[in-house]
Amino acid sequence: MKANGERQAFISLYESKHNEKGMVQSHYHETYQLLYTLEGKGICTLNHQAYSIVQDSFIIIPPLTEHSIAATSKMTVLVLEFETTVLSPDVRIELIPEVFRTARVQKLSAFDSSEIRQLLRKMLYEQSHGDRLWETGLKIYMAELFFTIARSTHESTQTDINTLRVEQLKHYIDTRYFDIKHAEDIADRMGISKRYIQSIFKDYYNSTPMQYLTEVRLGLVKQMLAETDKDIVSICFEVGFESLSTFYRLFKRNVGIPPNMYRLTQRKH
C-alpha cells in the first residue's frame with residue numbers, strides 16, 4: 001500500500017511480481033484492492049482461509065482484510081488499489097458494498113472475465129497516457145468493472161458444461177446485443193471455436209447465435225417502434241445494426257412489413 005503520512009484519496013493500477021516460492025507476508029490495507037493474476041499460480045490467504053490462484057484469478061480484498069500470497073511459480077499480479085472517496089456516490093452506494101461484501105477469489109464466467117480484462121487494459125492505457133482526462137477515464141472504467149462483477153452469473157447451479165456455456169452465451173447476447181458484430185466476437189469471448197458454439201447453441205435453441213441475436217434485436221425494435229417516437233435510424237443504431245439497408249431487409253423478411261408500416265399498424269391499436 002502507498003503510505004506517505006497523507007490521507008489523500010487515490011487510484012493506482014500496478015504490477016506486483018513474485019518469484020517462484022516467493023512470499024508476501026500477512027498484512028492488511030485501509031484501501032480496497034482487486035488483484036488479477038496475469039500469469040503463474042500460488043496460494044492466497046484471506047482472513048486465514050487459503051485459496052488457490054491461477055492465471056485469470058480475480059481476488060477481492062476489502063479494507064482491513066488480513067491477506068498473504070505464496071507463489072508456487074513465477075507469478076505476475078495486476079493490482080487495482082483505491083479509496084472509495086474518488087468514486088461517484090452511486091458507485092460507492094450501489095456497487096462497492098456488493099462487490100466487496102466478502103474477501104474471496106471470485107469465479108467469473110468466460111464472458112465476464114474477458115470484459116474485465118479489456119477494462120483493465122483500458123485503465124492501464126489511461127494511466128500511462130497521462131492527459132488531463134486520464135483520472136476521469138479510470139473512474140468510468142472502474143464503474144463498469146464493478147458493475148460487471150456485481151452482475152456476474154458465476155453462481156449457476158448447472159453441472160453440464162454445455163448447458164452452462166449455452167446459458168452464458170445466451171446471457172451475453174441478451175445483454176450485449178448492441179456491440180456484437182460477428183459470431184467470431186462471441187467465440188473469442190468464450191475462448192472456444194465458432195463451430196462449437198454454433199453447434200451447442202443450435203442443439204438447445206434450434207437456431208444459431210447470430211440468428212438469435214437478430215431475434216433479440218428485432219424484438220427490441222418492434223417494442224421501440226410501438227412505444228416510442230424515436231427515429232427508425234436511431235433505433236437501428238441503438239440495437240446494434242451496422243447497416244440501415246440490412247436492418248430494413250431483415251425486418252421485412254422476419255416481420256412481413258417495413259418498420260414504418262409496422263409502427264403505423266401498432267399506433268392504430
Side-chain angles (χ1 to χ4, degrees), residues 34-41 51-60 73 75-78 104-124 141 144-222 236-243 246-247 249-251 253-255:
L34 184 147
L35 279 56
Y36 170 60
T37 309
L38 293 171
E39 65 171 348
K41 57 185 178 179
Y51 299 86
S52 295
I53 52 174
V54 295
Q55 183 176 336
D56 294 332
S57 289
F58 293 95
I59 307 167
I60 309 294
S73 72
M75 186 166 64
T76 304
V77 177
L78 193 60
R104 64 197 183 280
V105 174
Q106 179 82 51
K107 295 192 181 299
L108 299 171
S109 71
F111 292 127
D112 290 334
S113 292
S114 177
E115 192 77 11
I116 291 177
R117 286 194 296 271
Q118 286 298 102
L119 288 167
L120 289 170
R121 289 186 183 107
K122 291 178 180 179
M123 291 173 66
L124 285 168
Y141 294 136
E144 289 187 58
L145 186 151
F146 298 142
F147 178 79
T148 299
I149 294 174
R151 291 284 297 271
S152 174
T153 57
H154 71 279
E155 293 179 345
S156 172
T157 58
Q158 297 294 332
T159 56
D160 177 74
I161 189 63
N162 281 350
T163 300
L164 179 59
R165 283 174 172 164
V166 167
E167 287 187 348
Q168 291 172 345
L169 175 53
K170 183 177 181 295
H171 175 74
Y172 183 72
I173 295 172
D174 287 339
T175 56
R176 304 291 295 185
Y177 58 83
F178 50 85
D179 67 357
I180 300 171
K181 293 182 180 179
H182 310 288
E184 288 81 359
D185 295 341
I186 306 170
D188 289 344
R189 291 284 186 180
M190 294 196 73
I192 53 181
S193 72
K194 171 184 168 182
R195 175 180 290 185
Y196 180 58
I197 65 168
Q198 291 192 146
S199 174
I200 62 173
F201 197 85
K202 196 161 188 177
D203 284 345
Y204 280 78
Y205 293 109
N206 200 32
S207 67
T208 68
M210 297 306 287
Q211 288 170 339
Y212 178 70
L213 172 63
T214 298
E215 291 177 17
V216 171
R217 286 174 170 170
L218 292 180
L220 291 166
V221 168
K222 288 162 67 177
C236 170
F237 173 79
E238 184 173 337
V239 302
F241 286 108
E242 294 289 327
S243 162
T246 299
F247 162 65
R249 176 173 53 81
L250 288 172
F251 190 94
R253 187 178 72 187
N254 286 269
V255 182

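Side-chain atoms are counted along with the backbone in the values below, which use heavy atoms only and exclude waters and symmetry mates.
In this structure the side chain of V216 reaches within 4.5 angstrom of the side chain of D174, judged on heavy atoms.
D188 meets the salt bridge (Lys or Arg N to Asp or Glu O under 4.0 Å) test with no other residue; sequence neighbours excluded. K194 meets the side chain to side chain donor-acceptor pair (under 3.5 Å) test with E184; sequence neighbours excluded. In this structure, the salt bridge (Lys or Arg N to Asp or Glu O under 4.0 Å) partners of D56, at least two apart in sequence or on a different chain, are R117. Here E144 pairs with nothing under the salt bridge (Lys or Arg N to Asp or Glu O under 4.0 Å) rule; sequence neighbours left out. Annotation: ring pair (Phe, Tyr, Trp, His ring centres under 6.0 Å) contacts of Y177 (sequence neighbours excluded): none. Legend: residues meeting side chain to side chain donor-acceptor pair (under 3.5 Å) with E39, ordered by chain and number and at least two apart, are T76.
One N or O on the side chain of T175 and one on the backbone of H171 form a donor-acceptor pair closer than 3.5 Å.
Taken from CZ in F147 to CD in E115, the straight-line distance is 10.5 Å, to the nearest 0.5 Å. Taken to the nearest 0.5 Å, the CG atom of L213 stands 5.0 Å off from the CE atom of M210. With rounding to the nearest 0.5 angstrom, the CD1 atom of I180 is 5.5 Å from the CD1 atom of I173. The structure places CD1 of I116 at 9.5 Å from CZ of F146, a figure rounded to the nearest 0.5 Å. Between the CG atom in L78 and the CE atom in M123 there is a gap of 8.5 Å [rounded to 0.5 Å].
Relative orientation of the F201 and Y212 rings is tilted, given thresholds of 30° and 60° on the angle between their planes. Using the six-membered ring where Trp is involved, F241 and F247 have ring planes that are tilted, between 30° and 60° apart.
A donor atom on one side chain and an acceptor atom on the other are found under 3.5 Å apart for Q118 and R121.
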